[in-house]
Amino acid sequence: LYIVEVDYKRAAYLEGKVTNKNGNAVEGVKIFIHSDQVNREFTDATGTYKTGHAFYGNYVVEAIHPDYKTATGTVEFKAGEVTEWTIVLEKPKNIQTNFIVKNSEEDPVPAKILLKTAVTSTQLEIDGSGNLTTTLLENEYDIIVTSWGYKSKNLKSFNLDADQTIEVILEKGIEETFETDFEWEIL
């Protein structure tokens with residue numbers, strides 16, 4: 001005969017509404033709890049979300065949408081309790097960005113640039129001038145610069161929050177990380 005003691009734990013809950021600064025509901029916002037437990041929820045058409053968490057304590061929670069700045073907060077999860085978190089998302093600013101790609105001899109290099117955020121991925125192409133000016137949204141990006149005959153350069157968690165020039169020096173060498181599309185063909 002075995003006696004098994006069961007230790008039931010009550011979940012902790014997080015609910016709220018996501019709006020923009022004009023008070024309009026924002027649909028499709030990913031609510032992400034940074035935890036070992038896989039947990040994500042999306043807002044509905046009214047901007048409302050409801051999610052839960054099996055663990056108690058303080059956790060970082062993000063509200064992520066491709067058209068808005070990511071909102072981040074620390075939320076205390078308590079057993080059997082509902083915590084309310086109302087979020088107001090802001091639109092990011094347009095940032096004038098100039099990319100300059102050169103080799104170690106200061107020669108311009110044509111390149112491909114992959115810009116990744118938490119929810120988007122965009123590829124840009126720089127011609128033989130090694131120079132490209134574009135408008136990007138204010139955000140934190142992983143920037144990956146590649147060019148045939150050069151080792152790729154990865155700028156992790158690059159905070160783009162003001163007009164600026166980003167100069168990248170590529171080192172000669174062969175490296176294919178398949179981060180950008182070199183338009184390989186099978187013959």
Side-chain angles (χ1 to χ4, degrees), residues 14 16-49 51 53 58-75 85-102 109-127 130-147 150-170 175-183:
L14 180 64
K17 185 169 183 168
V18 180
T19 62
N20 61 24
K21 69 178 185 176
N22 298 325
N24 299 321
V26 182
E27 181 179 8
V29 177
K30 180 167 88 171
I31 305 299
F32 179 71
I33 302 168
H34 288 267
S35 165
D36 292 337
Q37 176 187 342
V38 176
N39 194 309
R40 61 188 166 276
E41 181 63 40
F42 290 87
T43 57
D44 62 18
T46 66
T48 303
Y49 68 92
T51 187
H53 199 259
N58 293 322
Y59 289 90
V60 173
V61 180
E62 289 184 319
I64 304 167
H65 192 281
D67 297 334
Y68 293 90
K69 290 183 191 179
T70 297
T72 304
T74 300
V75 175
W85 188 38
T86 301
I87 306 160
V88 178
L89 294 180
E90 295 179 35
K91 285 276 192 185
K93 297 184 299 189
N94 287 328
I95 305 294
Q96 188 77 15
T97 308
N98 183 36
F99 289 99
I100 299 172
V101 181
K102 304 183 212 181
V109 175
K112 299 202 180 207
I113 298 176
L114 181 64
L115 302 163
K116 296 192 311 188
T117 69
V119 291
T120 64
S121 181
T122 304
Q123 184 169 296
L124 305 174
E125 191 162 341
I126 296 180
D127 64 16
N131 195 338
L132 173 72
T133 300
T134 189
T135 302
L136 299 171
L137 293 177
E138 173 186 19
N139 209 328
E140 184 176 282
Y141 293 91
D142 283 345
I143 302 173
I144 300 147
V145 182
T146 63
S147 184
Y150 294 89
K151 293 183 179 179
S152 62
K153 186 79 149 202
N154 193 342
L155 308 173
K156 285 229 176 252
S157 303
F158 192 91
N159 193 17
L160 193 59
D161 58 2
D163 293 352
Q164 61 188 288
T165 296
I166 300 170
E167 186 171 301
V168 178
I169 307 293
L170 293 180
E175 179 179 58
E176 176 56 278
T177 60
F178 297 100
E179 293 279 0
T180 58
D181 183 4
F182 281 124
E183 300 169 14

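Residue numbers start at 1 and run along the sequence shown. Just so it is clear, the values below take in all heavy atoms, side chains as well, and ignore hydrogens, waters and symmetry mates.
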What is the minimum heavy-atom distance between [X] and [Y], and which atoms define it?
| X | Y | value |
| --- | --- | --- |
| I95 | A162 | CG2-O, 3.2 Å |
| N20 | V26 | N-CG2, 3.6 Å |
| G47 | A25 | N-CB, 3.6 Å |
| Y49 | K17 | CE2-N, 3.8 Å |
| D161 | K93 | O-NZ, 3.4 Å |
| S147 | P110 | OG-O, 2.6 Å |

[atom1]/[X] to [atom2]/[Y] distance, rounded to the nearest 0.5 angstrom?
| X | Y | atom1 | atom2 | answer |
| --- | --- | --- | --- | --- |
| Y68 | E90 | OH | CD | 11.0 Å |
| K156 | I143 | NZ | CD1 | 11.5 Å |
| T19 | N24 | OG1 | CG | 8.0 Å |
| Q123 | I113 | CD | CD1 | 9.5 Å |
| K91 | E138 | NZ | CD | 13.0 Å |
| L114 | N154 | CG | CG | 9.0 Å |

For the side chain of [X] and the backbone of [Y], is there at least one donor-acceptor N/O pair under 3.5 Å apart?
| X | Y | result |
| --- | --- | --- |
| D142 | S157 | yes |
| S121 | K116 | no |
| N139 | Y141 | no |

In residues 30-39, what donor-acceptor pairs under 3.5 Å come from side-chain atoms, sequence neighbours left out?
from, atom 1, to, atom 2, distance (Å)
H34, NE2, E62, OE1, 3.1
S35, OG, Q37, N, 3.1
S35, OG, H53, NE2, 3.0
Q37, OE1, A54, N, 2.9
N39, OD1, T51, OG1, 2.8
N39, ND2, G52, O, 2.2

Residue of the set N131, L124, T165 for which side chain to side chain contact (heavy atoms under 4.5 Å, CB included) holds with F99: L124

Can you find a pair of side-chain heavy atoms, one from [X] and one from [Y], that are under 4.5 Å apart?
| X | Y | result |
| --- | --- | --- |
| L132 | N98 | no |
| L155 | I166 | yes |
| V119 | P66 | yes |
| Y150 | V101 | no |
| E140 | F158 | no |
| K69 | L89 | no |

Heavy atoms of other groups near Q96 CD, more than 12 under 6.0 Å: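 Count over threshold, so yes.
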
Heavy atoms of other groups near K151 NZ, more than 12 under 6.0 Å: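 Count not over threshold, so no.
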
Evaluation steps, side chain to side chain contact (heavy atoms under 4.5 Å, CB included), between L137 and N94: CA-CA 5 Å; L137 293 177; N94 287 328; 3.2 Å; yes

